[in-house]
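The structure under discussion appears below in the form of structure tokens.
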Amino acid sequence: MTLTMTEVGLSVLFRERFGLVEGRSIGLITNQTGIDPQFRRNLTLFAEHPKVELAAIFSPEHGISGSAQAGTQIASAIGKGRQIPIYSLYGETRQPTPKMLAGIDVLMYDVQDIGARFYTYISTLLRSMKAAAANNVDFIVLDRPNPIRGDRVEGNVLQPAFQSFVGEMAIPVRHAMTVGELAQFCRAELDSAPSPRLHVVPMDGWQRRMWYDQTGLPWVPPSPNMPTVETATLYPGTCLIEGTNLSEGRGTTKPFEWIGAPWIDPARWADMLNSLELPGTHFRAIHFTPTFSKYANHECHGVQVHVTNRNHFKPIDVALHLITTAQRNYLDHFEFLKTRGRYFFDLLAGTDELRLKLTKHDSPTEIVQSWEAEVTKFTEQGRPYLLYD
């Protein structure tokens with residue numbers, strides 16, 4: 001595997017584009033992923049620089065340290081030591097308020113994304129851009145890699161009726177954009193006025209075919225259940241399992257890799273799935289006991305999804321086959337889950353059509369093929385906003 005050292009937007013800003021922030025008051029949206037290749041935190045770099053003022057810090061889901069579990073509401077606080085306010089964007093509000101932005105010249109976003117529509121950090125990106133525009137504040141994105149390649153688009157485009165915090169943007173599940181490119185795309189697609197005054201500081205040395213472990217950059221888990229690049233590779237597909245009563249492996253050491261339930265026959269399920277010969281994939285029968293989330297402290301039986309060739313692996317196709325085979329063989333057990341009267345699966349999928357087709361036992365292969373036109377349309381629509389060859 002060839003390693004090419006990529007410079008993230010944070011490094012490029014300090015090296016050659018510091019004029020964007022010099023003499024200005026900054027509000028920084030970040031978490032534990034906001035480091036440079038030398039492991040220096042953006043918080044420290046800005047707080048100690050004599051030519052800028054770090055006036056406020058904003059944290060997305062999971063908090064400034066990335067330690068809070070999914071869905072945990074986080075309160076705002078005052079940072080220890082420097083007495084800089086840390087505003088939570090996953091608590092009483094999910095976007096910066098006018099009071100939070102008072103006295104701030106530039107709102108800056110520096111968070112590592114995963115490359116999947118339902119990862120909430122990009123919802124925070126979009127809502128913060130809107131808040132900056134409404135409050136006459138500049139918005140800067142310090143770009144970081146899409147860790148699962150920037151040339152693989154998969155899945156359906158979200159329908160507006162299913163917009164939520166796990167799906168704010170009308171993009172496919174695996175969108176193949178960096179956060180900087182997403183910001184440019186969303187600014188152009190926003191119907192609201194005024195338009196954000198957006199500046200993207202691009203990376204240096206990143207190429208679209210790269211996986212994160214080919215960038216030379218250190219991997220910092222972006223959230224508690226995203227420990228490795230392999231987890232991120234599976235996530236655009238197996239996150240859909242969250243919308244069912246199958247365990248997606250939360251509460252184990254292999255979230256989104258271990259899939260199962262107490263009522264599964266693991267050997268039979270693994271044999272069934274392996275007989276499909278899905279590209280770049282092998283299913284191994286396993287037993288596991290989650291310590292929290294679904295089936296906490298109850299033994300589950302299922303499969304580990306092994307990625308044998310990540311360049312051929314198709315996460316959404318694999319997830320649909322997992323759901324279809326479980327649904328057909330465990331009719332008395334399998335179900336889609338509801339939250340607040342809605343199917344959570346539909347919010348993740350960005351449509352109810354997928355669940356309805358799966359319920360009617362439509363072929364996963366045919367379902368994936370039915371998305372080809374919208375994937376092609378999105379690819380063409382997004383092309384003007386791409387920053388890298």
- In chain order, what residues pass the salt bridge (charged side-chain N to carboxylate O under 4.0 Å, His left out) check against Arg268, with sequence neighbours excluded?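 With neighbours one apart ignored, the set is empty.
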
- What pairs with Arg197 under salt bridge (charged side-chain N to carboxylate O under 4.0 Å, His left out), at least two apart in sequence or on another chain?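 Arg197 satisfies salt bridge (charged side-chain N to carboxylate O under 4.0 Å, His left out) with Asp138 only.
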
Any non-hydrogen side-chain atom of [X] less than 4.5 Å from a side-chain atom of [Y]?
X	Y	answer
Thr228	Glu257	yes
Leu386	Met177	yes
Lys51	Phe18	yes
Leu107	Leu101	yes
Glu16	Asp204	no
Phe288	Thr253	no
Arg17	Pro202	yes
Pro315	Leu234	no

Starting from [Y], can I reach [X] by hopping between I/L/V/M/F/W/Y residues whose side chains sit under 4.5 Å apart?
X	Y	value
Val220	Leu10	no
Leu240	Val153	yes
Trp258	Val307	no
Leu356	Ile323	no
Phe292	Met226	no

- Please assess Arg209 against Arg149 for the test side chain to side chain contact (heavy atoms under 4.5 Å, CB included), listing each intermediate value before the final yes or no. CA-CA 5 Å; Arg209 66 177 183 272; Arg149 299 183 58 147; 3.7 Å; yes

- Full working for side chain to side chain contact (heavy atoms under 4.5 Å, CB included) between Cys239 and Phe256: CA-CA 7 Å; Cys239 181; Phe256 304 108; 4.3 Å; yes

Are [X] and [Y] linked by a side-chain donor-acceptor pair shorter than 3.5 Å?
X	Y	answer
Asp143	Tyr388	yes
Tyr119	Ser223	yes
Asn225	Gln69	yes
Trp206	Asn146	no

Compile the donor-acceptor pairs under 3.5 Å between side chains in residues 365-376 and protein atoms, sequence neighbours left out, one pair per line.
residue : atom : partner : partner atom : Å
Ser370  : OG   : Ile367  : O            : 2.5
Glu374  : OE1  : Val157  : N            : 2.7
Thr376  : OG1  : Glu372  : O            : 3.0

- May I have the step-by-step check of ring pair (Phe, Tyr, Trp, His ring centres under 6.0 Å) for Phe185 and Phe378, ending in yes or no? CA-CA 11 Å; Phe185 173 81; Phe378 169 79; 5.5 Å; yes

- Verify ring pair (Phe, Tyr, Trp, His ring centres under 6.0 Å) between Phe14 and Phe46, making sure each step is shown before the conclusion. CA-CA 10 Å; Phe14 275 88; Phe46 286 114; 5.1 Å; yes

Roughly how far apart are [X] [atom1] and [Y] [atom2], rounded to 0.5 Å?
X	Y	atom1	atom2	answer
Ser164	Leu348	OG	CG	7.5 Å
Thr124	Tyr90	OG1	OH	9.0 Å
Leu125	Ile122	CG	CD1	7.5 Å
Phe139	Ile29	CZ	CD1	4.5 Å
Thr30	Ile57	OG1	CD1	8.5 Å
Thr351	Asn156	OG1	CG	6.0 Å

Please check if atom [atom1] in [X] has more than 12 non-hydrogen atoms from other residues, nucleotides or ligands closer than 6.0 Å.
X	atom1	value
His306	NE2	yes
Asn309	CG	yes
Glu277	CD	no
Lys294	NZ	yes
Lys254	NZ	no

- Task: Scan for side chain to side chain donor-acceptor pair (under 3.5 Å) pairs involving residues 333-348, sequence neighbours excluded, and state none if there are none.
- Result: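 As it turns out, the side chain to side chain donor-acceptor pair (under 3.5 Å) pairs with a partner in residues 333-348, which skip direct neighbours, are Asp346-Arg355.
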
Between [X] and [Y] (side chain of the first, backbone of the second, donor and acceptor by atom type, cut-off under 3.5 Å), is there such a pair?
X	Y	value
Tyr109	Gly180	no
Arg127	Leu89	no
Tyr121	Pro222	yes
Arg152	Asn311	yes
Glu248	Thr238	no
Thr308	His282	no
Asn135	Val137	no
Ser128	Leu126	no

- Message: Is it the case that the ring center of Tyr235 lies less than 6.0 angstrom away from the ring center of Phe118?
- Response: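 Under 6.0 Å, so yes.
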
- Message: Here's a test for you: under side-chain hydrogen bond (donor to acceptor under 3.5 Å, both in side chains), which of Thr33, Thr178, Asp110, Asp113 qualifies with Arg144?
- Response: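 By the side-chain hydrogen bond (donor to acceptor under 3.5 Å, both in side chains) criterion, Arg144 pairs with just one of Thr33, Thr178, Asp110, Asp113: Asp110.
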
- List in chain and number order the residues that pass side-chain hydrogen bond (donor to acceptor under 3.5 Å, both in side chains) with Gln327, two or more places apart in sequence or in another chain; answer none if no residue qualifies.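 Testing Gln327 for side-chain hydrogen bond (donor to acceptor under 3.5 Å, both in side chains), a comparison that skips the adjacent residues, returns none.
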
- Task: Assess whether salt bridge (Lys or Arg N to Asp or Glu O under 4.0 Å) is satisfied between Arg208 and Glu181, documenting all intermediate values.
- Result: CA-CA 12 Å; Arg208 309 203 74 84; Glu181 292 170 339; 2.7 Å; yes

- Query: Does Arg41 make a cation-pi contact with Phe39 (under 6.0 Å, within 45 degrees of the axis)?
  - Reply: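 Arg41 over Phe39 ring: no.
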
- Query: What do the steps show when you test Met100 against Thr93 for side chain to side chain contact (heavy atoms under 4.5 Å, CB included), and what is the final call?
  - Reply: CA-CA 11 Å; Met100 294 174 182; Thr93 181; 3.6 Å; yes

- Message: Working note: Ile264 + Tyr330, criterion side chain to side chain contact (heavy atoms under 4.5 Å, CB included); need CA distance, chi angles, decisive distance, verdict.
- Response: CA-CA 8 Å; Ile264 294 284; Tyr330 299 96; 3.5 Å; yes

- Query: What pairs with Phe283 under ring-ring contact (aromatic ring centres under 6.0 Å, His included), at least two apart in sequence or on another chain?
  - Reply: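 Partners of Phe283 under the ring-ring contact (aromatic ring centres under 6.0 Å, His included) test: none.
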
